[in-house]
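Predicted model only: the values in this text are computed from it and were never measured. Each ligand, and each atom within it, is numbered from 1 in the order the structure gives. Keep in mind that the numbers below use all heavy atoms, side chains included, and drop hydrogens, waters and symmetry copies.
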Amino acid sequence: MSGQMDLSALYEISYGLYVVSSTHDGRVNGQIANTVFQVTSEPPRIAVSINKKNLTHEYIRKSGVFGVSVLDQSTPLSFVGLFGFKSGRDADKFPGVSCEKGVTGCVLVTQNSTSILEARVVTSMDAGTHTVFLGDVVSAKRIRPGTPMTYAYYHAVKRGTAPPEAPTFRGAAVEGGAAPKAPAGGAKYVCSVCGYVYDSAVGDPASGAAPGTAFEDLPDDWTCPICGVGKDRFSRA
Ligand code: FE
């Protein structure tokens, strides 16, 4: 019997990146999840693992329905941040985001999505910090051709991070060898909220900061492209 516990072995399990949404009392919410998987094909059933603290958890629990949007590899970090690092209790995430209403009443995010699915919960399992919801797929639709984002791509190429509520959170976001990786060379500043690393060699082209822009030279109203906090929440990495 081996007693080895090298938890980095868990990093080698593959995942995708999804928006899981639900609805309750006319309100809608959605969040980023990486733990969505097909469980059976006859009937088509999928499962999601959702943190009990999240508003989406409350809505799925109460409504018994959830939606899944499969995000494309081209999805901007800011979009992942909107659904992954902001709580629906503090902000409505949906204004300005392309969506459609499904047969379950869930609002499904179609922006940046390759496919959308809806499911009705048939059973759930208490997994400690999370609940695993198992659902029958009641609608499924392709939105556009694309390449679904994998969790590995999100970490390695998009330099994305995971919030503490994620089932696969790796402690401090800069540890663990997978996230985030910035090219060597520039001065780096790390976001204290989400772990995003600003690298001056890379800049933040999405916000207009060209490669080579020093952190100090970013505009005062520049915000973290993942979680949206201001420059004051960054410190030198
Ligand atoms: Fe951040």
Quiz item: So does Asp126 pair up with Lys52, basic N to acidic O under 4.0 Å?
Solution: yes
Quiz prompt | With Phe85 via ring pair (Phe, Tyr, Trp, His ring centres under 6.0 Å) - residues at least two apart | solution = none
Quiz item: Salt-bridged, Lys53 to Glu58, with N to O below 4.0 Å?
Solution: no
Quiz item: Taking only residues two or more places apart in sequence, or in another chain, which ones meet Thr223 in a side chain to side chain donor-acceptor pair (under 3.5 Å)?
Solution: none
Exercise. Report the relative orientation of the aromatic rings in Trp222 and Phe215; use parallel for angles under 30°, tilted for 30 to 60°, perpendicular for over 60°.
Key: perpendicular
Quiz prompt | Cut-off under 2.8 Å, centre the Fe ion (ligand 1), protein N/O/S atoms | solution = Cys191 SG, Cys194 SG, Cys224 SG, Cys227 SG
Exercise. Please list all pairs passing the side-chain hydrogen bond (donor to acceptor under 3.5 Å, both in side chains) test where one or both residues lie in residues 28-47, with sequence neighbours left out.
Key: Asn29-Thr56, Gln31-Asn54, Asn34-Thr168, Arg45-Asp136
